[in-house]
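Below, all heavy atoms of this structure are taken into account, side chains as well, without hydrogens, waters or symmetry copies.
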Amino acid sequence: MTDTTPRYRRRPRSPFRVFNGRVLIGGPGHANVAIGGSAVYVWIELEAEMSAGQLTTTIRREWPELAEVTAEQIDQALDVLVDRGLVEIVEPGTVDVIGVES
């Protein structure tokens, strides 16, 4: 059976800085954007493509103080990041630029 769970990744070529609990994200042709809250942790962990479930598990493991983070909070953060064009949805079976199937 094929996994149909969408995966997420950062927008390519988006340098960022973390400071004072927030992330400032830039990129060629894009305005700088500051994010906070759970979106910070989602952004940091999207160094590699992940599903929402994987993000929730990883954030709980990497930051014990966030062990109570809910899947709904992660979904909301992803929605905001996708709406702002900072994170992309990678559909299952998509081939990336080096020809590896996701």
Side chains of I25 and N32 in contact at under 4.5 Å (non-hydrogen atoms):
no
Is it true that W63 and W43 fall in one hydrophobic cluster, defined by side-chain heavy atoms closer than 4.5 Å?
yes
If I take atom CD1 from residue I35 and atom CG from residue L86, how far apart are they, to the nearest 0.5 angstrom?
6.5 Å
How many angstroms lie between CG in D75 and CG in L55, if you round to the nearest 0.5 Å?
9.5 Å
Smallest heavy-atom separation, A34 atom then L24 atom, equals N-CD1, 4.2 Å
Is the closest side-chain heavy-atom distance between I44 and E62 below 4.5 Å?
no
Does the side chain of F16 come within less than 4.5 Å of R10's, by heavy atoms?
yes
Looking at CG of L78 and CE of M50, how far apart are the two atoms once the value is rounded to the nearest 0.5 Å?
11.0 Å
Side chain to side chain contact (heavy atoms under 4.5 Å, CB included) between V23 and R17, intermediate numbers included:
CA-CA 6 Å; V23 175; R17 296 278 187 261; over 6 Å; no
Taking the side chain from R60 and the backbone from L66, do they hold a donor-acceptor pair closer than 3.5 Å?
no
So for atom CD, which belongs to E68, do other residues, nucleotides or ligands contribute more than 12 heavy atoms lying within a distance under 6.0 Å?
no
Rounding to 0.5 Å, atoms CD1 (I74) and OG1 (T56) come to a distance of 4.5 Å
Treating Ile, Leu, Val, Met, Phe, Trp and Tyr as nodes and any side-chain heavy-atom pair under 4.5 angstrom as an edge, say whether V80 and I59 lie in one connected cluster.
no
Quick one: are Y8 and V90 in side-chain contact, heavy atoms under 4.5 Å?
no
Taking side chain to side chain donor-acceptor pair (under 3.5 Å) as the test, write out the residues that go with R11, two or more places apart.
S14, H30
If the condition is side chain to side chain donor-acceptor pair (under 3.5 Å), which residues does Q54 pass it with, not counting sequence neighbours?
R7, S51
Check salt bridge (Lys or Arg N to Asp or Glu O under 4.0 Å) between E88 and all other residues, then give those that pass, not counting sequence neighbours.
R9
If I compare all heavy atoms of S38 with all of A77, which pair ends up nearest, and what's the gap?
C-CB, 4.1 Å
Spell out, as yes or no, whether a donor-acceptor pair under 3.5 Å connects the side chain of Q73 to the backbone of T70.
yes
